[in-house]
Amino acid sequence: MADQTPTQKIIEIDEQITVGTLAELLSLPVSKLVGELFKLGVMATINEKIDFDTAQIVVGELGLEVELARKEQTPLMRKKREASDADEPRPPVVAMMGHVDHGKTTLLDAIRGAETVKGESGGITQHLSAYQIKHNNRYITFLDTPGHEAFTALREHGAQLTDLALLVVAADDGVKPQTIEAIRFAKQAGVKIIVVASKMDRPDADINKLKQQLVEQKLTPEDYGGDTIVLPVAATKNQGVKELLDMILLVTDVEELKGVHSGPAEGLVVESHMEKGKGRVAVALVEKGALRAGDFVRVGSTYGKIRTLQNTSGEVLEKAGPSMPVVITGLRELPDFGDEFEVLPNEKEAKDKAATTATERRSGPATGATTSSELLRIISQKGQLSELNVIVKADVQGSLTSVVDSLKSLGTEEVAVRIVSSGVGVITESDVHNATTTGAIIYGFQVELPSAVKQLAARDKVAIRMFNVIYELIDDVKKELETLLTPEIIEEELGRLLVKAVFKTTQKEVIAGGEVTKGKLSLPAFARAYRDKELLTDNLEVTNLKSGPTDVKEVEKGNLCGISLKTAEKLNLKEGDRLELFSRRTETRKL
Ligand code: GTP
Ligand code: MG
């Protein structure tokens, strides 16, 4: 290649880019780029896509004087909505976002007049739920997103599906890391934010402090000269809820949200799970068109004929239009969270389209092995990497994605989680067999463990751990990973000995005598030998200390003593040399 390195050039690329296009932009032969990717463990050919992070790493590895920057992103959903030739008004889609435990689900319950929160494990919303309510004879769709950091992926999707974000911030706790993250998602998705100052009934609620924190986040409240609406709410006392709903309609009315209400439906999967008696169940949000029972749909890489169509309260629907969350059954496979769906004229077309999507996905972008954290791990594999094999089963696709993503991100240069397999549904005998051959631990998240499987696992000594709260699961995996870390060796200096005489020197042992000039010698101990400033060896183990003819455990400063040393290499110790003694202990390290 010609040696004409340009001065630090900035190249803007999309979130994903084909290898061919990137090579062109970098003025590199494709083969060179493919080769470099290969070194990083990424098998990609000219037409395959890699993600931004991968591209950046590869550019770094190539040592190019080029900086990659992300092109300004237009969120997928926005783009699609604006492009559609909307005709009639549609209800707003509102996402509850915010820090864990700040009161999103409780507020939604107050809005719905229901009590979901009590039925949740650990009181944490584990997946995204959709509801539609009626206020002043108008519909509003709500998406409840979880607040725990493990659910970043879910929350991100929540923002993309949304017209308006309700940023729930507890007035007694203020802006927290996940509040900031939610703000970022909402802004990235171009979604308007209304701030709900929740838990206003709490004695230490301080809305003014909260407003100041919002100013710092560039969400300046109206009474501070900005345009952010901040509404005080006490959901448990049903205070401020009606005002909030009025405000939601007022704010979203300005946007004149419209949707196409007829024709073949399209939309997105918000949640999917297995249900007893029903089989595969998907919760989907209709974006355009009219969805009916009996329709043939392609959903992500699967398809089916809609067997039942219900709203999220379980009522049977004849049809569903834009912004309506629906519960559907009849799909061939469990779709993924975030999968798009479309109605097609017949089963064959639905099936073919599903197959095409499946192929595209296989050759397409960024599967597990090309995420940046994984790449970094591969790069660091030059060192020693210990892996913890795990098998993950979860109740719904959304949770599974969150668990798997969280576990993958636990890796360091030394240890990493390897997901041997993952899936939605109960733990099965084949999971146990798989664990036996791979030495994996099986993690179940909100799933069941049939007793036959439990017995098999006990017989084969396979560890199965069940969790209902995601961060407890992650903590457990973390502890397992910590056991794989090489323990840290901690040395503490004990004392020094000035050698006055050497009594015996063999290949493996030295016996000497001297005076303790510093500290206190004690057993067990290790030692380094110095001649002036020169280190003779750092590989000595003290096997014995003598005071006169008697074996002792300790010798204080100023006393004479004899010392026996085990040495790894021959050591010609002489009078005037110095021995520095230290103790060693190991400590398990934390991730
Ligand atoms: P995640 O789903 O885990 O992110 O939490 P969340 O934001 O949905 O919070 P949730 O609604 O589960 O509420 C957390 C706790 O705060 C619960 O114990 C609620 O009872 C309490 N809480 C919520 N809203 C209020 C309120 O208005 N007043 C008071 N006093 N407590 C509240
Ligand atoms: Mg919740």
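We count ligands from 1, going down the list as the structure has it; atoms in each ligand are counted the same way. Bear in mind that the values here come from a model prediction, so they are computed numbers and not experimental data. Residues take their numbers from the sequence shown, with the count starting at 1.
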Fill in: Distance-minimising heavy-atom pair for Gln213 and Val175
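Of all heavy-atom pairs spanning Gln213 and Val175, the closest is OE1-N, 2.9 Å.
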Discussion item. Which heavy atom of Phe52 sits nearest to which heavy atom of Asp14, and what is that distance?
Written reply: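 What the structure gives for the nearest pair is CD1-O, 4.1 Å.
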Item to complete: Return yes or no for this condition: an N or O of Gly103 is under 3.5 Å from an N or O of ligand 1.
Response: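 The answer is yes, given that Gly103 and ligand 1 share an N or O pair closer than 3.5 Å.
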Worksheet item: Are any of the N/O atoms in Asp144 less than 3.5 Å from those in ligand 1?
Response: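 Asp144 vs ligand 1: no N/O contact under 3.5 Å.
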Per-atom contacts of ligand 1 with [X], taking only distances under 4.0 Å to non-hydrogen atoms:
| X | answer |
| --- | --- |
| Ala234 | 27 (O) |
| Thr105 | 2 (O), 6 (P), 8 (O), 11 (O) |
| Lys104 | 1 (P), 4 (O), 5 (O), 6 (P), 7 (O), 8 (O), 9 (O), 11 (O) |
| Thr106 | 10 (P), 11 (O), 13 (O), 19 (C), 23 (C), 24 (N) |

Fill in: Nearest candidate to atom 22 (N) of ligand 1, where distance is taken over non-hydrogen atoms, out of His102, Gln239, Met97, Lys199
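Checking each option, the heavy atom nearest atom 22 (N) of ligand 1 is found in Lys199.
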Item to complete: Compare Val169, Asp201, Val469 and give the one whose heavy atom is closest to atom 30 (N) of ligand 1.
Response: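 Residue with the shortest heavy-atom distance to the ligand atom: Asp201.
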Worksheet item: Charged N to carboxylate O below 4.0 Å: is that the case for Asp144 and Lys104?
Response: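 Between Lys104 and Asp144 there is no salt bridge, as every charged N stays at least 4.0 Å from the carboxylate O atoms.
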Fill in: Note: Arg90-Asp163 ion pair, threshold 4.0 Å (strictly below)
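Yes.
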Worksheet item: Within the distance-only criterion (no hydrogens, no angle test), does the side chain of Ser406 pair as donor or acceptor with the backbone N or O of Ser402 below 3.5 angstrom?
Response: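 Checked: pair present.
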Worksheet item: For the side chain of Thr302 and the backbone of Val299, is there at least one donor-acceptor N/O pair under 3.5 Å apart?
Response: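 Checked: no pair found.
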Worksheet entry | Asp173 and His99 side chains, donor-acceptor separation under 3.5 Å |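 No donor-acceptor contact under 3.5 Å links the two side chains.
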Worksheet item: Heavy-atom contacts under 4.0 Å between Met96 and ligand 1: side chain, backbone, both, or neither?
Response: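 Neither part.
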